[in-house]
Protein chains: 2
Amino acid sequence: MLDKGVPAPKPTRIQAAKRAQILKAALAVFSIAGYRAATLDRIAEEAGLSKASLLYYFAGKEAVYVAVLEDTLAFWLEPLAALDPDGDPLEEIGRYITTKLEMSKKRPAASRLFANEILAGAPAIGRFLEGPLKDLVDRQTAVISGWIDEGRLAPVDPRHLLMMIWAVTQHYADFDTQVQAVLGPGAARKRFSVARETVLSVLLEGLKPRG
Amino acid sequence: MLDKGVPAPKPTRIQAAKRAQILKAALAVFSIAGYRAATLDRIAEEAGLSKASLLYYFAGKEAVYVAVLEDTLAFWLEPLAALDPDGDPLEEIGRYITTKLEMSKKRPAASRLFANEILAGAPAIGRFLEGPLKDLVDRQTAVISGWIDEGRLAPVDPRHLLMMIWAVTQHYADFDTQVQAVLGPGAARKRFSVARETVLSVLLEGLKPRG
DNA sequence: GGAAAACTTGACTAAATGGTCAAATTACAC
DNA sequence: GTGTAATTTGACCATTTAGTCAAGTTTTCC
């Protein structure tokens with residue numbers, strides 16, 4: 001997005017490797033601390049190089065941040081694009097919920113990174129939200145609306161349905177501290193499997209076409 | 001909690017007024033920026049006094065932050081404590097959801113303040129989560145479990161049910177930027193009323209006792 | 001093996017920011 | 001009104017941190 005100068009010189013093997021290394025470290029640090037509290041020194045340490053060296057690969061703190069966001073966005077939205085219009089509605093939505101919960105479990109840093117960014121008012125990805133994200137949501141809500149029109153799903157607002165699913169699934173990544181505190185040390189271990197059962201049970205039952 | 005020295009001298013009328021004024025400004029600033037990005041200069045400006053003056057009323061940045069959190073916590077949890085064991089389960093839960101959504105609409109700063117704090121790992125209120133909050137949740141999940149045992153509610157894990165409700169309702173405060181971007185300028189105006197309909201419809205239907 | 005390019009970093013600068021303090025101003029009790 | 005306590009703040013200090021740079025080291029390519 002805002003990488004190289006004009007003619008985009010080919011990146012060396014070392015550049016690719018180091019940039020990936022830095023992005024991994026940056027995700028870890030930004031997702032825990034947020035943009036402002038994260039420091040380049042901390043990211044450099046996590047990536048195993050000096051701050052000056054880090055700044056040889058990225059133009060500045062903001063450039064690192066934007067790169068991490070872009071690097072993670074596509075991955076995070078992938079499952080939504082995978083909704084199959086020809087599949088069974090409840091199965092498709094159930095699979096989407098399961099996948100999103102699995103992602104919250106395995107890649108909580110990605111979810112927290114976005115949570116921090118959106119909470120701060122989405123200064124870096126505001127355009128993305130209004131553009132590509134809205135487009136994807138428009139497309140997939142059309143699929144859901146189709147299912148509703150065919151009477152295979154309860155009639156609810158498809159956009160807000162998606163938001164409910166995002167809210168519930170990402171909650172287990174973003175607010176894990178609270179989840180674990182409230183569940184207590186015993187139940188915290190199984191939190192993701194019980195969450196899956198509960199969420200699937202309530203949402204799928206609530207979405208069944210009404211007699 | 002960590003206010004005065006030993007004998008707790010009586011606060012003047014001016015002190016009470018100024019502290020309230022500062023807390024209001026601090027909520028606005030902390031909730032948007034998070035702890036680290038918020039500056040005392042910004043809070044002082046918002047409160048209409050100098051930074052030095054602000055520090056006459058509070059021991060330091062952290063003291064202001066803790067005071068704001070404490071000031072907001074009880075208010076935020078109030079509706080949960082109001083669940084009536086003798087009421088109709090679906091009505092009680094529906095009222096809880098409606099109240100929480102209403103709070104997200106009217107006091108989004110409070111929700112965002114907690115979201116930032118929990119995302120950062122709850123450094124300031126970790127003890128509160130494990131203590132008073134967990135106790136309240138334990139008490140109210142017992143109420144819900146009672147309803148389930150009586151067959152008046154679908155059998156779901158009551159703790160995760162509460163988390164679903166928190167997730168969905170607070171989402172509309174914490175992620176409002178995303179919500180508005182995805183809904184588009186037209187639908188954003190009515191977002192809270194459509195959210196209420198959708199959330200109530202899906203969750204209450206999903207919680208009806210199963211035949 | 002040598003030169004050029006790519007890479008690395010310690011030392012530095014400038015800006016932001018939490019916090020201190022002494023001096024000035026205001027509020028209040030009598 | 002006068003004196004004391006409460007309040008206010010400009011000026012200042014110390015620390016943190018993003019970003020620069022020149023001087024070195026390593027890699028690459030012939």
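We name chains A, B, ... by the order of the sequence lines, and we start the count at 1 in each one. Note that the structure is predicted; figures quoted are calculated from it, not measured.
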Base, sugar-phosphate, or nothing: which does A/Ala37 touch, judged by heavy atoms less than 4.0 Å apart? nothing

For A/Lys18 and D/dT26, give me the distance from atom NZ to atom P, rounded to whole Å. 13 Å

Which nucleotide sits closest to the side chain of B/Ala52: D/dA18, D/dT9, C/dG18? D/dT9

Aromatic A/Tyr35 / basic A/Lys61 pairing, under 6.0 angstrom, 45° off normal: yes

Does a nitrogen or oxygen in the side chain of B/Tyr57 sit under 4.0 Å from OP1 or OP2 of D/dT8? yes

Salt-bridged, B/Arg139 to B/Asp135, with N to O below 4.0 Å? no

Among D/dT20, D/dT8, D/dA18, the one nearest any side-chain atom of A/Leu40 is D/dA18

Output the rounded distance in Å from CD1 (A/Ile43) to P (D/dA18). 8 Å

What is the distance from CG of A/Leu49 to P of D/dT25, rounded to the nearest Å? 19 Å

Counting only heavy atoms not in B/Lys24 (residues, nucleotides, ligands), do more than 12 fall under 6.0 Å from its NZ? no

Donor-acceptor pair, B/Glu117 side chain versus B/Ile125 backbone, under 3.5 Å? yes

For atom CZ of B/Phe58 and atom C1' of C/dG18, their distance in whole Å: 16 Å

Can you find a donor-acceptor N/O pair under 3.5 angstrom joining the side chain of A/Lys51 to the base of D/dG19? yes

Looking at B/Arg36, I'd like to know whether one of its side-chain N or O atoms comes within less than 4.0 Å of OP1 or OP2 on D/dT17. yes

Ranking D/dT20, D/dT8, C/dT17 by distance to the side chain of A/Leu55, first place goes to D/dT20

Strictly below 4.0 Å: does B/Tyr56 bring a side-chain N or O up to OP1 or OP2 of D/dT8? no

Distance check: side-chain N/O of A/Ser53 vs OP1/OP2 of C/dC7, anything under 4.0 Å? no

Tell me the closest heavy-atom pair linking A/Ala38 and A/Val29, and the distance in Å. CB-CG1, 3.6 Å

5′-ward residue of the pair A/Tyr35/B/Leu54 relative to DNA chain D: B/Leu54

d(CZ, A/Arg42; P, D/dA18) in whole Å: 13 Å

